Structure formats: C-alpha cells, structure tokens
Amino acid sequence: MNKAFDSITLEILWSRLIGITNEAAVTLMRTSFSSIIRDSRDFSIALFDDQMRYIAQAEGCTPGQLGCMLPIVKNFCSKYPPGTLEPGDELIMNDPWLASSHLDDISICRPIFFGGKIVAYSVCTAHQIDIGGRGAGQEHNDVFEEGLWIPISKLCRAGEENEDVLNFIAHNVRVPEKVIGDIRAQMAVNHLISNRISELIIEYQMEDLKELSSEILLRTQKSMRDKIREIPDGKYSYKHYANKFKDNEEPLQICVEVQVNNDEITVDYTGTSRQTYRAINCCPNMTLSYTLYGLKTVINPHIPNNAGTMEPISLKIPEANLLNPKFPAPVWGRTSIAHLLPEAIYSALAPVLKDKIIAQSNSSPLGSHMMRGVKKGGERFLIYHFILGGMGANAIKDGAHCLSFPTTVGNTAIEILESDAPILFQSKELMCDSGGPGKFRGGCGQRISFIVDEDGVEPGEQIITMIKGGKTDFPPLGVLGGKPAPTVKLRINNKECRNERQHVLKGGDFFVYELPGGGGYGNPLERDVRMVLKDVRDGILSFESAETDYGVIIGQNGLIVDLEGTRNLREKLSKES
Amino acid sequence: MGMAGREEMKVYRLGCDIGGTFTDFALIDSNTGEIIIDKCLTVPEDPSEGIKDGLHKFMISDPDFLKKVEYIIHGTTLVINTIIERKGATTALITTKGFRDILEIRTEWRYDIYDLSASFQEPLVPRFLRKEIDERINSQGKVIKDINSDDVENLLRNLDANGVQSIAVCLLHSYINPIHEEVIEKIVKDKFPHISISISSKVLPEIREYQRTSTTVANAYVKNLFSNYMQRMREKIEPLGFRKEIFLMLSNGGLVPATVGERFPVRSIESGPIGGIMLADHLGKLMAKDESRNLFSFDMGGTTAKSTLIKDGIMPKSRDFEVARIDRFKKGSGIPITTPVIELLEIGAGGGSIARINEMGLLQVGPQSSGANPGPACYAQGGKDPCVTDADLVLGFLNEDYFLGGEMHLDREKAIQTIEKRVAKPLRITITEAAWGIHNMVNENMALAGKIHIAERGGDPLRTVLVAMGGAGPVHAYGLAKKLKTHKVIIPLRAGVASSIGFFCAPFSYEMVHTYRAGLEDLALSDIIDAFARMKKNAAKYLPKRKDASEITYDLLMDMHYVGQGFDISIKLPDLDREIVNQEYITEAFGKNYEQIYGRRCPDKIEIMNLRVIATLADRAFFLETVPVMKSAGADRAIKGIRKAYSSVKSEYVDFTVYDRYRLSAGAKILGPAIIEERESTTVLGEDSRAFVDERKSIIINLEAELQNEQSI
C-alpha cells in the first residue's frame, strides 16, 4: 500500500495499535501470579516500529515505566542487533541505567517478524514482587545490595525458553513461583501482541508499519509543538525539596528551570543536589520519564502518547546528580525523587498555566508498604502493595481523595493482603482535615493501621517491614491562596518513627500510617459554603477548620450554617490576611 | 384435542420493556409468530401504571387477551436509570469497624494517566450514612471478634431514625464466612422489617472488598424501588385476569422468574437494553455469509443510548461491569458492579436529554434527562428544558402530527421557544443553528463513546454494521453512522420497540455458583459429582415446568486458575452421568482452554475455585416473518408527501421526501434526502445515502456513496 493514509484509516489503525496494547494489558493482569501486577497494575506495555521508535502504549500503565521505554529497544539492540534476532526470540533485562531505573522492574522485549523481517518490537516491563537483595527500603549503599542484576540476555531463542536464565532468577528471589510466573506472563503478552500485529498487517494489506508509524509520530509531534507555541516564551523555575532521611540533615533539592522557546522546551535541572548515599537516586531514563509526563499533562493531556511527544523537548542534567547518578549508585526508591518532578514543573509553570496545574499532593511520592517473614508452619510470605495520599486541588474541582499520582498504580484489597500474610488491618479510612483548605479543597488522604497477627507468625522469626509515601518534612503546598495539607506520620506501638526505612516487627505489634491529602487551590474564604457544610457533615472537615480556615460557622448539629456569623467572620479573616 | 379447536385458541407471549420515557409492548402469537406492538408513556412515579395502560389498549381489541398470555417477559432500564439519575432509596452501608471508606477510597488507581482533574462518581452512600460495627472475621473465616446484637440494634435504630430505607452490609471476609452479615440481616428482618437489606455474602460472595461493597451498595440502592414496583405491577395486572408467571430478563441474557430476580435487582441492571441486543444478534445470525459479522447494536431511547459491539456473531460477556462512567467514558470512571452481563455501553443520550449552556459557556447535551414527565418541551406537559426531541422536531425530522402514530401531538411552538430561550439567545446563534447544535452534539457524544467501545474490543467501525433501534435510534442513526464511519445501517421493522421483541430470543436460564476451593490434585471426584447433581436439581427449580425434563440443558463449569493467579477461567465439563472425568481430564481441559485464551500453558499447579451450573431451557423458536422481495417494488406509492427538514450536508432546510414505512414493500429503494415514518420511530436519510427494504422489511441504509465521493476529492 503506497498511499498516504486518509484520516479515517489512520484514526482506525492508530486506535487498533492502542487497542492491541490494551488487550495485552488485560491479559497480563489476568494471567499474573502476583498482586502487584494483577491488582496494582504496576506494569507497562508499549509497541515500537522497526526503527525502534515508540509508537503506542497501553492506557492506564505507569508513566514512569512508559517514559523509560523511549530508548529501551535501542538499548536491547545494543547487545543484540536486529540481524542477530530471529522469530520467537525474547530479550530480558533489568539494568537500571538502560531500562526502568531499578532492579525490581524487569523488561522483556520481542522482535515482531512479518514476511521474514522485523516490523515492530513489543516491550513489557513489570514490577516484580521481589528481586532478592535487601528488598524495599532506602538504606542500601549501592545497587549491588538491591538484588539480582539481569544483564541483557536472550530469555527465549526462537521460541525455546532459556532455562539457565530462568534458573538464575528463580534462585535469587524470595518467591520464585510468583516471579517466574509473572516473567512467563510477560512473554505471553509479547507473543499476543506479535500475533495481533501480524493479523493487522494482513487485514489492511500492508507490508509493514513504516508509513503508519511515521504518520503517527509526525502528527503527535505537530500537535505537541502547536500546544507549546501557546505558552508564552520565557524561563520558569522552581526549587522543590525531597523528604529527609535523618532529622538533622540538609534536605535534597530539585531545581528545575523550564525554558519555553517558540515550539520547543528545554528543562534544565542545574542546581539539583548531587547523587546521594540513599537508595533514591533517579537514573536519567526515569528523569526523562517524569519530566515528559509533567509537561504532557499540562500542555497536551488528551493526545495518545508516543515518541512524538518528546520530539520538541530536551533535558539538561548535570553528571553524578540525584537525577543522573553514576553506577553503582543505589536506586531502589527512585520514585521518591522522580515523583516530585511533575509537581516541580507545575509550580514552575504556575504563572503561565494556572488553569492547568494542580496543587502539590501527598500521593507523590508514591506510597508503598512491604512486609515479609515466615508464617506459622514455615511458609515464607511477602506482600508489597500501594497506598495513596490525596491529590492537590485544581482550578475547577477539589482534589481527589487517595488517588495515585503522578504514577497510576492501584491498591491491593485488604482481603487479599490478609490472605497472603499474617496481618490484620484495623483501619483503612479517610483522614479528617487532611486535605489542604482552598476554594477547591485538596483531596483527603488516609490512615491505615494493622496488627501483626500473633497466631499467624512463626515464633522466633523476624518480620521486616518498610513503608513510604507522601511528604514527611515539607508539606504539600497549595496554590493561588490555597493552603498546605499536613505531613505524613508513622507510629509503631504508639511511638513515632521515620518512614522510608526497614523496621523489624513481631507478632502483636501495632502499626499506624497517616498519609494525608493534597494542597488547596485558591482562597478558602471563597469556597462555596454548601461545600464546607457537606465536608463537615461527612466528617472529613472539622468544625474548627471550617471556622478558622474557611470562615464558616456551622451549628453543632452539623446541619446548618450560621450565615450571618459566617459573613462577618469571612470579612474579618479576609482583612487579616 | 383436534387441530381445529386449537386454532381457535390463540396463545400469546407478552414482552414488556419499561424505559425511562416509554413503556414498550410486543405481543407474539406463539403459533403463527405474528407480532403486535404498542407503546405508551412511562409513568415515572409508578411505572406499573404504564403497563396497565398498555394492557388496557390491547384489551380494547380483545378483552380476553390476557387469559391467552402464557407468560410475560419483562425487562426494564429502571434499575440503571435509578443509579445514573441518583433516584434510589436513602441507603446506608454497614462495614467492619475501620473500613467505612472502602467505598470511597476505591482502587486508588487513576483511570486516565494524563488527566490531572480525573474525578469519580460520588459514592451512592454518602459518608455520614456509612456506619461501622465492631466485629472481625479473618481470611480463614475464623471469628476474631464477635458481633454484638445490641450494637447492631442501636445502630439500626439510629439509621431508622435518620430515614434510611435500605441497608447494604459488607463485612470483611464475609465471602468465606457470612455469619456476621447474617446476624445483621436477621435483626433487620425481625425488628426493622420496613427497611430492606442486602448483604454482600448473598449479592456477591467473592473476595475483594471494594468490588463486593460497590455491588452490594448498588443492589441496596435500587432494591426498594424495584420490589415495590414489581409488587404494584402484580397488583395491577392480576385483577385484569393474569395469574401466570412473570419472567425477568437478566443482564446476562437469560430469563428467570421475577420473584427470583427481585431479590438481586443488580443482576437485572441491563435487563431492558439486553432485548435490543438479542434482536440485533438475531438479525446478525440471519445475514448472508459474505456480509460483515460485526454489528454495532445501538438502541437510543428517551433517556439513554445503549450500544454493544457484537463481534464475529458473539455477544460480549463479562463480569466487570461499570455503571455511569463519567467525563470521557474512560474505563474505571464508573461505579463497578460485578455481575454477569452482556457488556454494553450506556450513556446519557436520549430523546429526553436536556441541552444547556454549561459553566464554560459551551453547549452541553445530557446526561440529565427530562424523562417522561415533564418530558421535552414539545410534549407540552410543562417541560421547560430544551431536549433532543425538541431539536429533532424543529429540524423537521419528527412529524408533530405523527408522533406515536398521531396519538401524541407534539407542540412545535414550545420546542422553538425553549430552544431559542435556553440555547440560541445565550449563545447568540439562530434557532436552526441551536437545534442542529443539539442534534449534532448528542451524535458526537454517542460517537465518541462508541468509538472507544469498539476499539476496546478490537473492532473496526468501517467494517461494522450499525443496527439502530429505540424510539430515537432511527432518527440519529444516519448522523451517528457518519461520525463512526460505518457504511451500513439496519433499521429493523418496529425498531421503536426492539427490546420488547428481542426478549423472545432469550432462553430461560439460571446460574448457580458454589464455592469449592481445592487443589486439583486433592480433588475428591465423588464430592464434585454430588455437588453438581444437587446444583442441577436446584437450578431447574427456577425454570418453567415442562413435561419433558430433558428439554433442560445443563452446562457444568469449573472456575479454575494456576495457584497464585487471581482470575479464573471456566472449564466446561461433560455430562457427568455419561462420561468419566478424572484429574488428567480436567488438567488437560484447563490447559487447552488456557492455551486458547492466553497462548500457552504454565507448569504450575491448578486450583479450583467454584463449581457453576447453568440450567437452560430454550424458549419457543423465534423467527421474524419474511415477505418476498419484489424486484420492481416501487417506493412511490409509499410517499406521504414532502417536508422541509435540515440538511447537514447543505446546512439549510431542504425538501425531504416523506414515506410511510408500512406501505414500503420489500425490495423498495429510497434515495436520500428522505424521512420514513413508522408509528414508534422515524428514520432519517441524508442526501448522501440511499436505502432499500429487505425481506424482513428492515430498512438497509447505505452510506458508501458518501465515502466514495470523499475519497475521490
């Protein structure tokens, strides 16, 4: 077929490519052996053309992994050039610098052959529930402590599994049946995509995907450039701070300058802290990922994502930096840094994109909880799941309660976690007054608490746990007069502790994590009185906060507003500020 | 009994579909297949009133007809509309202490990764009506903390005092041990019998508290309304002489006795629209082999539009259903209801959808609907809001004197006035522009949602045939087809009441599930055989009695997965009375099936989760009458006249030829611009389309002409 695509056919083929990756995503969830893929959706699937350009991705996958895929096929092929590949091959790696920025994410790539040549590549990256090493935590001193490093290898040769590679992996992880099961599920997904692509090529009588992918990339790039042109030229900067690890240390800082020049953007991170001893260094792929993500969400959110999105955007990151660390820096918890990048970009662009941005959130950085040990009777257990704080408010709506941002992972059902581990949850509930006040309120966060089930653990065996997520030292700020949300708190047996590190638990221990919400947007004194009343009635806003933050006086029954008193109080408060 | 006597005695079945705006009836003669239809306005305060009205109309021509009805098949959109329009009971939720927010915290997953203001439906139960009870059962089903009856009673008293009408209960791990939920249920039934109760261990005994809570809450939210309505319906039709069974259409395409369906209204959430899909599917199966086997079943009524892609002749079934998706109809934005359904997309786009100017000064159509009362302004029942039907009337697509065959007069002046006042003036555009804007906008909404739906299922609109039904479907089919880029549209005869006809295509079917968790290697086969035998016997009770019990077919299924996986696939077993089934057989059957779906097998161990029996009894064979196609059949004799209507191609009013559908013979050919009037609906054809009438008197619209033109430019 040697003619330009008419717009109808293009639209259909484009949605088909996305549809194929979506079908693959559903298949992966349904065949996965771990809750981290099946329930939490911590995986990504993308399709590349024969030039190794990223052309389509499954919707709803995690933006961090997706962005890391931009150079991934080229990286795979640096070891196995196309000429060395044959139909049925699958390549594997988890190199943080070449792939998804920490060892836990395993990427598997399959060249897709049609008519004797490679017409596309499919890549599936998935967060494994364990990769050996010390596991979740930020105390690791280098990447070697973080688990098994899988160099680029052939996992499958012409459809035959490479048993040695699988054996190496199986012997280095704590729950091999889950990890190997999930790796096989990833391969199966690539296989499915490969079949679907062939069917598509036959159905539309194409020879390959060359013209289609060029058209997709061109149109995406053009749309992106058009949107960038609408932003006034200039340099917009912001300095953001990461959570501390120890009380008395200097905070790590992220300095961002967004330089808008006609239809191009350069993001300059000069001034950002040097790489750190903590396991939160963020490899350049991940930096790229969340920089692009932050920009796309406020510049051109609704177009499908592909390599065309990044064409007009470039990055400047100093060497040996928190955002560009040198091997073998520890990188496990890189989302603690990466997830702050979109917020930093929004804050920088606030003066010119105030209707598009949102206030800061306690859902970033991502909250996760790991717990492992031995069940009564000797069986090993390991759970790893996500918990999310509230999102910052925006120009038209309250922030969402407990919602994954900037990443898109889900929680795991309490009932599944309790089936997998000797843990008894005591609560998972919205926290009152946890959303930053504003004309639009920040979303609320949550309090989770659990007891380690004494009857379920093997006596004498240690239980290791780690929890992280949200902001511990610098509260999520509001914008345009909106107020901040509170910071995170961890208590073990009623004693306050720092998060982001491993703790040892025993049967009967009581664990509480408070992960509040996001910052407010706009002046809280302008908030609709009925909305304040509703929040009070629902118990997510206290009478005190209604009065002091919003200037709304509510009768003790919680059902009526003292309108007169409210008018006076709002006047008084607005003069004071 | 002699044949002669038999012919005298007519036997009917009655299909009846209550929509948000209209109640549709189809009466089929069980011997001849002849269909008689009718339609009347739904009475929102008491939908059973609409049924009575309709039956009265049939009784005018045959006072004894109800005595000749074998049974009534009933379907309704009431359940889903109640949720979409938030008109359910004041509902409370009781959860385990510490977990009342499970309903609102949801999955914490953001369904649109690039949309920063992605939001969700407000929970059906607001936080102040979500209460907690101090009790606990662990994941093995062991009671860790007993439930205290006094606590329960105090709590219920408080809820009762607050005007709560319905209660949903979802306690942790109740899928494995329902004892505490049953305690609450019993106290409600004994001491608060006026409050209705739905407990999660009965509605959806499955692990994962959020989906279970959400489904149970939806059930509770609609339960009162639904059972009151069924009660009233019986009270109204029994005095008319009907004493036989009423069957309810379930969302999975099967029929069950209404008394069974009533307990779990959430399972009939899609019961009305399913009829339309069944009819579309029936038409699809009749299509020639070389034609596309992909149909987009599109049913647009007064309140909502329901669509489904029937791909390669298969109706998509699923258990992950979502109601009331918002914003851009993204998956994950609605309220999850886990129940077996034929998947369909439902959006707030119907003849009664209200047009308004939103906060951003833009025209918005739906999802709010004026329903049957007051209805669109042109119904002249006091409706002030401009609706899609008002626009369709102003644009000349509808005939003010032939709406429901003239039974209902439409007031054109009122339609013009409200469109002028509420849309044209605020936007400073002409009335015509405003009316076209409304018509076009609702088409755009449906096309956007439809494209996503088709793409999600691996379909291609270009190779899909649109089957348009419902009162408003044929009016909008042409515009929708152009936006979807489909070439071909089928408008079945009596499209306006398609769902009530489609009910006759459904089998009686009842599904029983029994949780049976065991490793395949530890499986005691005799247990399974006994369990299946019991389930078969139980399931058969829910089907109509037939002399010959062998007419019932049983599907025996086992839900299984590899150990560690979280989703099951169902394996069909052979008749256990005849064939011997052992571990090897099951392993092989599972492996084969798994491979077919996912392309490979795993070396892992296999675990059984559930045993499932589906008992099915086919209804009488359904057929649509055919008539011979006349090659020379002219359409001219069916011309009623010429009417000015709006042309989207020319952006002005042009002459449309108006045809009487009942006078069009099979084989007749029609060129657009044309309007084809039928009592219950009106088909619109633009000038870039043509149509013919096939042997089932379906109108087949062809839009290829338009596409060829476009390509040649």
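It should be emphasised that the depicted structure is a prediction, and the values quoted were computed from it without experimental measurement. In what follows, chains carry the letters A, B, and so on, assigned in the order in which the sequence lines appear, proteins first and then strands, with residues in each chain numbered from 1.
No part of A:Met187 comes within reach of chain B, as not one of its non-hydrogen atoms sits under 4.5 angstrom from that chain. Contact annotation for A:Asn411: both backbone and side-chain heavy atoms come within less than 4.5 Å of a heavy atom of chain B. For A:Ile37, no part lies near chain B; criterion is any non-hydrogen pair under 4.5 Å. The contact between A:Phe425 and chain B is made by backbone and side chain atoms together, counting heavy-atom distances below 4.5 Å. Only the side chain of A:Gln446 comes within contact range of chain B, with at least one heavy atom under 4.5 Å from a heavy atom of that chain. Residue A:Asp39 touches chain B through its side chain alone, counting heavy-atom pairs closer than 4.5 Å. Heavy atoms of A:Gln57 lying under 4.5 Å from chain B belong exclusively to its side chain. For A:Asp182, no part lies under 4.5 angstrom from a heavy atom of chain B. If you measure heavy-atom distances from A:His401 to chain B, the contacts under 4.5 Å come from the side chain alone. With a threshold of 4.5 angstrom between heavy atoms, A:Ala395 does not approach chain B through any atom at all. When heavy atoms are compared at a cutoff of 4.5 Å, A:Lys534 approaches chain B solely by way of its side chain, counted from C-beta outward. For A:Ser32, the part sitting under 4.5 Å from any heavy atom of chain B is the backbone (N, CA, C, O) and nothing else. With a 4.5 Å cut-off on non-hydrogen atoms, A:Lys296 touches chain B through its side chain but not through its backbone. In this structure, chain B has heavy atoms under 4.5 Å from both the backbone and the side chain of A:Arg30.
Each of A:Ser427, A:Gly181, A:Ser35 has some count of heavy-atom pairs under 4.5 Å with chain B, and the biggest count is that of A:Ser427. Ranked by heavy-atom pairs under 4.5 Å with chain B, the first of A:Lys356, A:His191, A:Arg38 is A:Arg38. Taking B:Arg130, B:His561, B:Arg212 one by one and counting their heavy-atom pairs under 4.5 Å with chain A, the maximum is reached by B:Arg212.
Within the 4.5 Å cutoff, the side chain of B:Ser117 has no heavy atoms near those of the A:Ile358 side chain. In this structure, A:Ile414 and B:Tyr210 have side chains that are not in contact, with every pair of non-hydrogen atoms separated by 4.5 Å or more. Counting only heavy atoms from C-beta outward, the side chains of A:Cys61 and B:Ile113 never approach each other to under 4.5 Å. Between A:Leu403 and B:Phe120, some side-chain heavy-atom pair lies under the 4.5 Å cut-off. Taking 4.5 Å as the limit, some side-chain heavy atom of B:Ile207 sits within range of a side-chain heavy atom of A:Ile416.
In terms of modelled atom types and a separation under 3.5 Å, the side chain of B:Glu209 and the main chain of A:Glu415 share a donor-acceptor contact. Within the 3.5 Å criterion, the main-chain N or O of A:Leu388 finds a donor-acceptor partner in the side chain of B:Glu108. Judged by distance alone, with hydrogens and angles left aside, the side-chain atoms of A:Arg184 form no donor-acceptor pair with the main-chain N or O of B:Cys602 at under 3.5 Å. A distance-only check finds no donor-acceptor pair linking the side chain of A:Lys428 to the backbone of B:Phe99 [under 3.5 Å]. Distance alone, capped at 3.5 Å, is enough to place a donor-acceptor pair between the B:Arg110 side chain and the A:Pro406 backbone. When atom types are taken as modelled, the side chain of B:Ser139 and the backbone of A:Glu418 share a donor-acceptor pair closer than 3.5 angstrom. With hydrogens and angles disregarded, no donor-acceptor distance shorter than 3.5 Å links the side chain of A:Glu429 to the backbone of B:Asp101.
Judged by the 6.0 Å distance and 45° axis criteria, A:Arg537 is not positioned over the aromatic ring of B:Phe128.
Ring orientation note: the planes of A:Tyr293 and B:Tyr114 are tilted relative to one another, at an angle of 30° to 60°.
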